[in-house]
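Single-structure report; data block below.
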Amino acid sequence: MNFRQTLTHGFWRDLPPFRLVLGLCPALAVTAAAENGLGMGLAVTFVLIFSNMFISLLRRVIPDKVRIASFIVVIATLVVLVELVMKAYFFPLSQQLGIYIPLIVVNCIILGRAEAFASRNPVHLSMADGLSVGLGFTMSLTLVGSIREILGAGTWFGLAVFSEGFEAFSFMVKAPGAFLCLGLMLGLMNAWSRRRGEIFIQT
Amino acid sequence: MDMLLLAIGAIFVNNILLAQYLGNCPFCGVSKKLSTALGMGAAVTFVAVVASMLTWAVYHYLLAPQGLEYLKTLVFILVIAALVQFAEIFIKKQSKVLYDSLGIFLPLITTNCAVMGIALLNIKHGFGFVQTVVFSAASAAGFALAILLFACVRERLFISPVPSAMRGTAIALVTAGVMSLAFMGFTGMTN
């Protein structure tokens, strides 16, 4: 892949969590509101860019046998950083996201990109890949969050969308709504990619 | 009585998979057959209980006295990774049968957010040691229950006429939504 392709592949071709079915847990858990989705997405993007950078820099140093453990140490260090920064500067958001911030460590997208891309590509490409996949993830999370918040609470980023009479379906902001919303969106994306003649990724 | 309430709450009301959204990757990945779902459920239960006990001890006797609570994410994931590696070697040596049935799932558990999530929830709720053991065993049992039920549904789903765009992960997620809706019926149980 050249630089330009690397920078854009996360927006559609490998869009997480839909096209790469990785990182479902945060996509389901924090998307009850658009703002939380955006915050989570940006946190993941930050970790992804720098974990890709460090792993790419260290790719000739890390022995093959212990690479997964080494990747996890790099990722965990960055996540601790994000956790502390969020607590210091975005306290309400960090309370909202709760244990899902430390759980970025076990987000499979980050380990997946480290293994599939950063461990075999030069630094500038790896950082571009992290940026692209991270922003793609942020986009998806914000979109899912918007749909769920608008239907489930009648608001968007906390602002009222409908008039007083709107009866919100609170089902959408609870757990079942998350699964249903993500499932239907995945179905729509599959139908759309098939119309464009692309191949299915999941089986 | 409190312990019973804690256990029922963790299995049904706050089911780790269907209400807390943890451990979805194996939930969608290895729930296509009942036998593999059983293996995954057993492996997660074992690792989650031992990992919770270890991380609880590490947090309360090592990190908290030194004022290093903020390092818990980093330390916990290392404990879990080491434990999984150790469990793999130990089970391989002790029981060939168990190793063959769990074998492939063990390494996957390192990045299973249910295990890490249970360890973090124990700390967040400020549980004592006994509560930690009960809570993690019950949460893991809830995971096993959900993944087993889901595997049964998916085996049936496999022979159903599903629209082509919804096949695979899409219909799995919608099914999980319906199951989650059913589990919401337990909400009143612990109040």
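All figures in this text were calculated on a predicted structure; none of them were measured in a lab. Here is how names work: the chains are called A, B, and so on, in the same order as the sequence lines, proteins then strands, and each is numbered from 1.
Looking at A/K174, the atoms closer than 4.5 Å to chain B (heavy atoms on both sides) sit in the backbone and in the side chain alike. Residue contact with chain B, scored on non-hydrogen atoms closer than 4.5 Å, involves the side chain of A/L84 exclusively. With a 4.5 angstrom heavy-atom cutoff, B/M184 touches chain A only via side-chain atoms. Proximity to chain B (any heavy atom under 4.5 Å) is shown, for A/A27, by neither the backbone nor the side chain. For a residue to count as touching a neighbouring chain, one of its non-hydrogen atoms must lie under 4.5 Å from one of that chain's; by this rule A/L111 touches chain B with the side chain only. Residue B/Q20 touches chain A through both its backbone and its side chain, counting heavy-atom pairs closer than 4.5 Å. Looking at A/A29, both its backbone and its side chain come within 4.5 Å of chain B, counting heavy atoms on both sides. For B/A81, no part lies near chain A; criterion is any non-hydrogen pair under 4.5 Å.
Atom CD of A/E35 has 12 or fewer neighbouring heavy atoms from other residues, nucleotides or ligands inside a 6.0 Å radius. Around the CZ atom of A/F157, the shell of radius 6.0 Å holds more than 12 heavy atoms that belong to other residues, nucleotides or ligands. The number of heavy atoms from other shown groups lying within 6.0 Å of CZ (B/F86) does not exceed 12. Atom CH2 of A/W156 is surrounded by 12 or fewer heavy atoms from other residues, nucleotides or ligands within 6.0 Å. Other residues, nucleotides and ligands contribute only 12 or fewer heavy atoms inside 6.0 Å of the CZ atom of A/F90.
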- Query: Is there a side-chain contact (heavy atoms from CB on, under 4.5 Å) between B/L181 and A/F179 once you walk through the steps?
  - Reply: CA-CA 10 Å; B/L181 196 61; A/F179 286 106; over 6 Å; no
- Message: For a side-chain contact (heavy atoms from CB on, under 4.5 Å) check, start with the C-alpha distance between A/L184 and B/M166, then their side-chain angles and the critical distance, and finish with the verdict.
- Response: CA-CA 8 Å; A/L184 291 179; B/M166 291 298 287; 4.1 Å; yes
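Shown are B/I77, B/I80, B/N112; of these, the side-chain contact (heavy atoms from CB on, under 4.5 Å) with A/V106 is made only by B/I77. Considering B/V174, B/I171, B/T169 in turn, B/T169 is the only one that fulfils the side-chain contact (heavy atoms from CB on, under 4.5 Å) rule with A/L186.
Taking both residues in full, the closest heavy atoms of B/A170 and A/G187 are given as CB-N, 3.8 Å, listed atom of the first, atom of the second, then distance.
Ranked by non-hydrogen atom pairs under 4.5 Å with chain B, the options A/L182, A/L24, A/I72, A/L103 are led by A/L103.
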